[in-house]
Amino acid sequence: MKEKHSKVMITRFDLRIPNGAKELNNKQVGRIFENMSRAIKRKEYAGGHNPDPRIVCTAENHASGTHYHCVAMVNGNAIQNPHTVYNAAEKYMAKALDISQEETKGLVDYCNQKGKNGIIIKHGSSDEQEKTNQVMHQVSYLAKERGKEQTPKGQHLVTGTRVPKDK
């Protein structure tokens with residue numbers, strides 16, 4: 001993304017399935033991210049910038065159920081506020097679970113308890129390396145092993161949006 005855009009915003013978020021709700025299958029989870037990506041792309045942005053969203057997610061299973069650790073990367077020239085990502089996640093999580101968007105509060109964790117989320121890396125800036133290190137620390141959580149060994153057969157461990165071929 002950094003090769004394509006002078007600014008990139010990286011946002012971490014988690015999706016949790018509420019107690020008592022049926023687990024989402026691979027197709028439903030994939031649809032959440034495809035719909036999020038499509039909705040973010042469709043919006044009009046200042047300067048006509050393409051938001052170019054990319055979403056990657058890992059599933060974790062515990063006795064309490066499955067939850068998903070996610071990271072969204074967007075063109076930081078188009079989007080500077082992580083709530084654009086959070087709102088899309090809440091909307092399409094609600095749709096997948098067949099609940100109202102208000103009922104998704106708490107199911108989409110903004111992952112901002114330990115500091116800022118929605119980190120913008122500006123290519124060539126004096127703090128580019130510092131911001132890159134912050135992002136690497138933040139997204140490294142997706143790679144942890146604990147909770148992934150219990151992934152049921154047939155469930156994708158990693159999923160995300162398709163990356164279009166460069167023309």
Specify the closest pair of heavy atoms between [X] and [Y], including all atoms of both residues, with the distance to one decimal.
X: H137; Y: S140; value: O-OG, 2.8 Å
X: Y68; Y: A59; value: CE2-CB, 3.6 Å
X: I10; Y: N117; value: O-OD1, 3.9 Å
X: T104; Y: Q101; value: OG1-O, 2.5 Å
X: P51; Y: I79; value: CB-CD1, 3.7 Å

At what distance, to the nearest 0.5 angstrom, does [atom1] of [X] lie from [atom2] of [Y]?
X: D109; Y: R16; atom1: CG; atom2: CZ; answer: 5.0 Å
X: E103; Y: D98; atom1: CD; atom2: CG; answer: 9.5 Å
X: N35; Y: R38; atom1: CG; atom2: CZ; answer: 5.0 Å
X: Q138; Y: K116; atom1: CD; atom2: NZ; answer: 9.5 Å

With heavy-atom distances below 4.5 Å as the criterion, would you say the side chains of [X] and [Y] are in contact?
X: K95; Y: I32; value: no
X: S37; Y: K41; value: yes
X: K131; Y: Q134; value: yes
X: R12; Y: D14; value: yes
X: L107; Y: L97; value: yes
X: F33; Y: L15; value: yes
X: M93; Y: I17; value: yes

Check: M9 main-chain N/O paired with K7 side-chain donor or acceptor under 3.5 Å: no
Listed by chain and number, what are the side chain to side chain contact (heavy atoms under 4.5 Å, CB included) partners of A88, not counting sequence neighbours? M36, I40
What pairs with E128 under side chain to side chain contact (heavy atoms under 4.5 Å, CB included), at least two apart in sequence or on another chain? K2, I121, H123, S125, T132
Please check if the number of heavy atoms outside K27 that lie under 6.0 Å from its NZ is greater than 12. no
Which residues pass the ring pair (Phe, Tyr, Trp, His ring centres under 6.0 Å) test with H83, not counting sequence neighbours? Y86, Y110
Side chain to side chain donor-acceptor pair (under 3.5 Å) for N50 and D52? Distances and angles first, verdict last. CA-CA 5 Å; N50 173 5; D52 197 21; 4.6 Å; no
